[in-house]
2 protein chains.
Amino acid sequence: MTRKEQVRKKAIELMKFHGFSGLTMRLLAKELGIEAASIYNHIKSKDEILETVCFDLAKEFELAVLEVNDIYFNATEKLQMLVTAHVRILCADLDASTVFMHEWRYLPEASRVSFIEKRRNYEHEIRTIIQLGIDEGDFDEIDTKYAVITLLSALNAVVEWYNPHGPLQPDEVADRLYNFIGKALMKNLEFRV
Amino acid sequence: MTRKEQVRKKAIELMKFHGFSGLTMRLLAKELGIEAASIYNHIKSKDEILETVCFDLAKEFELAVLEVNDIYFNATEKLQMLVTAHVRILCADLDASTVFMHEWRYLPEASRVSFIEKRRNYEHEIRTIIQLGIDEGDFDEIDTKYAVITLLSALNAVVEWYNPHGPLQPDEVADRLYNFIGKALMKNLEFRV
DNA sequence: TGCATACTAACAAGCGTTAGTTAGTTGATT
DNA sequence: AATCAACTAACTAACGCTTGTTAGTATGCA
């Protein structure tokens, strides 16, 4: 791990606890055992750290939904695979995922706008999947707009409780969540995995 | 509405958009059409605003679950009534609820500890209800620890999408969410409201 | 008279960041 | 093997700005 990566990792770890504004460069420096000014040998600015976290993860979600839509054709399959991909991404770096969820509001104006746009797109893709499920007759006829936010919130809550050192693997978490969310969405009451 | 209430209301409204740290007393003052120093004629400190929001709402949730447990005896009823009460509280003041969800991390150390404890209690009460549902044979046998967080996250997402000027009344939102969550939890596949 | 509400001026602390410098290491050239 | 340039990673010192907040004062209404 390069020094730059070490700095970023520690920054994200601290940001998770203190929030973006609560993490000062002097605190970060102290935790790294160096002076605040030295941090700038490795990163361009405090904002840059947050931007990297947010857009790296956004990119992963973007690619995931693209792939799912490419490979699978019916809504139940799409949903199951997307839940799995989503949870895998979240669990791959829990600190980063937590910061992604909570701190994007503190992105600089321009980045924030583009971030919100990306999130809107992701939500739209999922909404389309749900609508497909309704059209295919598999899902209950619900309001897709609030369904997608409810669904995503349930998924994203993973970052609040998942313990990488616990017994569950990310894919097992995904299975349970798909079970939970699937039952909630499905019309077909014989639904079982 | 007293001047004090006006100040608090505007503060919460701005906090929702800018976050706790992003809301400066000078910005708040500007929005109120006064000088920053004048704010201190009405409130004690910036922290105090956040503390009031967080603990007022925490108290409401606390009382709601107490009442539900007093009045209803089986898990499905308890769950339905708690969902309704929870959503009502959220929708009663969306700005405050949003701040409550996102900004509690910025509470001063002592308050934050006691806030987390209160939240832990609330989660524990809901967990007990879910466990009751499992014991009664109505709910699927799931891990109650992650179920309660998943469930609460789905509920709390209301603050992200609910539009008070839209067609849905809070109780209608609660109905739909209970439907969604109920189906996810229930073993009984004939479940319908 | 007293209370509510506002003001100006200022303070101390903390913020992110820059400039300029100094060691230590690496890798190629002499 | 010795030399030199380039790079990495740290330092001290400081700048300019913003922060929450206080002190002291003025104005207008009950």
Side-chain angles (χ1 to χ4, degrees), chain A residues 1-55 95-96 99 102-112 115, chain B residues 1-55 95-96 99 102-112 115:
Chain A
M1 194 161 47
T2 68
R3 195 74 176 116
K4 180 173 183 168
E5 287 167 340
Q6 288 173 23
V7 170
R8 275 240 296 268
K9 192 183 171 197
K10 180 63 81 177
I12 293 165
E13 181 189 322
L14 292 170
M15 229 180 258
K16 176 178 170 178
F17 277 96
H18 299 90
F20 179 74
S21 315
L23 166 66
T24 68
M25 298 310 262
R26 283 164 180 86
L27 171 64
L28 174 56
K30 201 173 176 181
E31 289 280 322
L32 288 165
I34 60 178
E35 291 297 316
S38 308
I39 295 173
Y40 288 85
N41 285 316
H42 309 289
I43 60 141
K44 238 179 73 184
S45 71
K46 192 186 168 187
D47 285 342
E48 187 211 45
I49 300 178
L50 184 60
E51 285 177 326
T52 307
V53 174
C54 290
F55 285 93
D95 286 346
V99 169
H102 295 142
E103 311 299 335
W104 62 266
R105 281 158 217 272
Y106 291 96
L107 284 169
E109 175 70 8
S111 307
R112 200 178 66 249
F115 179 87
Chain B
M1 195 159 49
T2 69
R3 195 75 176 115
K4 180 173 183 166
E5 286 166 339
Q6 288 173 23
V7 170
R8 275 239 297 267
K9 192 182 172 198
K10 181 62 80 177
I12 292 166
E13 182 190 321
L14 292 170
M15 230 180 258
K16 176 177 170 180
F17 277 95
H18 298 90
F20 179 73
S21 315
L23 166 65
T24 67
M25 298 310 262
R26 283 166 180 83
L27 172 64
L28 174 55
K30 200 173 178 182
E31 289 281 321
L32 288 165
I34 60 178
E35 292 297 317
S38 308
I39 295 173
Y40 289 85
N41 287 314
H42 309 289
I43 60 140
K44 236 180 74 186
S45 72
K46 193 186 169 187
D47 285 342
E48 186 212 45
I49 300 177
L50 184 60
E51 285 176 323
T52 307
V53 174
C54 291
F55 285 93
D95 286 346
V99 169
H102 295 142
E103 311 300 336
W104 62 266
R105 280 158 216 271
Y106 291 96
L107 284 169
E109 175 70 7
S111 306
R112 200 178 65 250
F115 179 87

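Since this is a predicted model, take the numbers as computed values, not measurements.
Whole-Å rounding puts the His18(A) NE2 to dC15(C) P distance at 11 Å. If you measure from atom CD1 of Ile39(B) to atom P of dT22(D), you get 13 Å, rounded to the nearest angstrom. The interatomic distance linking Tyr40(B) (OH) with dT19(D) (P) rounds to 11 Å, in whole Å. Atom CE in Met25(B) sits about 7 Å away from atom C1' in dG20(D), given to the nearest Å. Rounded to a whole Å, the CG atom of Leu28(B) is 12 Å from the P atom of dT21(D). Rounding to whole angstrom units, NZ of residue Lys30(A) and P of dA10(D) are separated by 18 Å. Summarising the geometry, the separation between CD on Glu51(A) and P on dG16(C) is reported as 15 Å, rounded to the nearest angstrom. The CG atom of Leu23(A) sits 16 Å away from the P atom of dG14(C) (whole-angstrom rounding).
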Could you list all N or O pairs between the protein and nucleotides 5-9 of chain C that sit under 3.5 Å apart?
from: dA6(C); atom 1: OP1; to: Arg3(B); atom 2: NE; distance (Å): 3.0
from: dA6(C); atom 1: OP1; to: Arg3(B); atom 2: NH2; distance (Å): 3.0
from: dA6(C); atom 1: OP2; to: Arg3(B); atom 2: NE; distance (Å): 3.2
from: dA6(C); atom 1: OP2; to: His42(B); atom 2: NE2; distance (Å): 2.9
from: dA6(C); atom 1: N7; to: Asn41(B); atom 2: ND2; distance (Å): 2.4
from: dC7(C); atom 1: OP2; to: Glu35(B); atom 2: N; distance (Å): 2.5
from: dC7(C); atom 1: OP2; to: Ser38(B); atom 2: OG; distance (Å): 2.8

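The CD atom of Glu103(B) sits 8.5 Å away from atom SG of Cys54(B), with the distance rounded to the nearest 0.5 Å. Atom OG of Ser111(A) is separated from atom CG of Leu50(A) by 8.5 Å, given to the nearest 0.5 angstrom.
Between Arg8(B) and Glu5(B) no salt bridge is recorded (no basic side-chain N to carboxylate O distance below 4.0 Å).
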Worked check of side chain to side chain contact (heavy atoms under 4.5 Å, CB included) between Gln6(B) and Arg3(B): CA-CA 5 Å; Gln6(B) 288 173 23; Arg3(B) 195 75 176 115; 2.7 Å; yes
Show me the donor-acceptor pairs within less than 3.5 Å that the side chains of residues 11-33 of chain A make with the rest of the protein, sequence neighbours left out.
from: Lys16(A); atom 1: NZ; to: Asp95(A); atom 2: OD1; distance (Å): 3.1
from: His18(A); atom 1: ND1; to: Leu14(A); atom 2: O; distance (Å): 3.1
from: Ser21(A); atom 1: OG; to: Ser21(B); atom 2: OG; distance (Å): 3.3
from: Thr24(A); atom 1: OG1; to: Leu27(A); atom 2: N; distance (Å): 3.0

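Using the six-membered ring where Trp is involved, Trp104(A) and Phe115(A) have ring planes that are parallel, under 30° apart on the 30 and 60° scheme.
You won't find any donor-acceptor pair under 3.5 Å spanning the side chain of Arg26(A) and the base of dG14(C), going by distance alone.
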